[in-house]
Protein chains: 2
Amino acid sequence: MPRAGLSPQAVVREAAVLADEVGHDRLTLAAVASRLGVALPSLYKHVKGVDALHQKLAVLATAEVATELTTAAAGRAGGDALRAVAAAFRDYARRHPGRYPATQRAPDPADPEHLAAAERAVRAIYAILHGYGLDGDAAVDATRMFRAAVHGFITLEAAGGFGLPRDVDRSFDQMVAALDTAYRDWRS
Amino acid sequence: MPRAGLSPQAVVREAAVLADEVGHDRLTLAAVASRLGVALPSLYKHVKGVDALHQKLAVLATAEVATELTTAAAGRAGGDALRAVAAAFRDYARRHPGRYPATQRAPDPADPEHLAAAERAVRAIYAILHGYGLDGDAAVDATRMFRAAVHGFITLEAAGGFGLPRDVDRSFDQMVAALDTAYRDWRS
DNA sequence: GCCATAAAGCTAATGTTGTTAGCTTTCTCC
DNA sequence: GGAGAAAGCTAACAACATTAGCTTTATGGC
């Protein structure tokens, strides 16, 4: 019988695909094993358990988000950059509905890779706001507001929380425009 | 052997208390039954299953939030009302960390009580923004922005997503102040 | 007061998932 | 070619959710 040739990476990648298909909360070791054509306990050679799998998925997703945000911001500044990064954020969440919630997990202080990915994502936003002339505490506050607004919008949208017929895309654009204005006139 | 005297309400209330203690995702029928001094299958006389329990918990939590937002808004207008409602929202989430996530669940269209509670919560916000002179699509957009920003802030805070030492309360105040300004100058 | 009945609670059994232990097989390196 | 590490397996157990079917309690009509 040939060997499956797994690795921690391969397991996490399959978990990511599965999470996107069935939802983050329905991600299960049993399903991952079945997908990989392997018995469930075999996974324990690559991940410590279901909790560790979620942790690794968080690192993967955070790194992907960081890369997409950074790419979106490249070569842009001000309102252009803000809109591009906001759109990239939302796009990622819609393309990867299972990975995105994993991003919410607080970075494990003991995992340098996780910390680095999280910092890379935040820095992409921070840099844009720095371009608005924001600095120090103001830049921190502004970054938090950006993350809160965009993340909140994304999760409410994904949960079907917007019932009214008004176009959701337009509401998002309006929100990002309001953020742009707020940053221009920011007073700390 | 005396009877426990349960009811659907009593089960959901205990589930709410438990969720606040152990976290929304660790809410389990087994623990609820144990708390109520009853065997696990006995709960099925009152709730259809774990999914239905989450659904009922969502209704309970949404109704509670709606009441608190409405109370906070009473007798206030403009920036005062905005700040009071935002604070009430955040307070609720911090006092009830297990119930709050249940709020995210989209209202079940087949459950009039759920729909009514959700609408009551949204209306509390909508009314305030109406006081800013916002109407129609603009009011819808503004309401969505408010919900997104506050909800996003709350969940990021709860998840430990704000790593830097900058005071989180101040960041929240800054965000609400920025929302106030944005609504004053709103241009659709 | 007594009994019929519905509801509340129970035990037993089953399926799914996660986890650990310990064995076998495959790959790799000397 | 063989030693040893790593990958995979089966077996066993615990927790949870769920269903079936039984027993007991409360209650309402007579």
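Hydrogens, waters and symmetry mates play no part in the numbers below; they use all other heavy atoms, side chains included. Here is the naming used below: chain letters follow the sequence lines, and residue numbers restart at 1 for every chain.
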inquiry  = Under the rule for ring-ring contact (aromatic ring centres under 6.0 Å, His included), what residues qualify as partners of A:H46, not counting sequence neighbours?
reply    = none

key: Results of salt bridge (charged side-chain N to carboxylate O under 4.0 Å, His left out) for B:D80 - residues two or more places apart only   = B:R83

request  = Could I get the full list of salt bridge (charged side-chain N to carboxylate O under 4.0 Å, His left out) partners for B:R166, not counting sequence neighbours?
outcome  = A:D137, A:D141

Only pairs at least two apart or in different chains count here, so list each salt bridge (charged side-chain N to carboxylate O under 4.0 Å, His left out) that has a residue in [range].
range: residues 56-77 of chain B; answer: B:E64-B:R99, B:E68-B:R95
range: residues 100-116 of chain B; answer: B:D51-B:R105
range: residues 172-183 of chain B; answer: B:D180-B:R184

Listed pairs, N/O of protein and of nucleotides 12-16 of chain D, under 3.5 Å:
unit_1 : atom_1 : unit_2 : atom_2 : d
D:dC16 : O3'    : B:T28  : OG1    : 3.0

To the nearest Å, how far apart are [X] [atom1] and [N] [atom2]?
X: A:L6; N: C:dT25; atom1: CG; atom2: C1'; result: 16 Å
X: A:L53; N: C:dT17; atom1: CG; atom2: P; result: 15 Å
X: A:Q9; N: D:dA7; atom1: CD; atom2: P; result: 14 Å

ask   = Is there a donor-acceptor pair under 3.5 Å between the side chain of B:Y183 and the backbone N or O of B:A142?
value = yes

note = Sorted by number, residues from residues 42-52 of chain B placing a heavy atom under 4.0 Å from DNA chain C are B:S42, B:K45, B:H46

Partners passing side chain to side chain donor-acceptor pair (under 3.5 Å) against [X] (at least two apart in sequence or in another chain):
X: B:T70; answer: none
X: A:Y100; answer: A:H151
X: B:E21; answer: B:R35

inquiry  = Need the bend value for the helix from C:dG1-D:dC30 to C:dC30-D:dG1: angle between end axes, 5 pairs each end, nearest 10°.
reply    = 10°

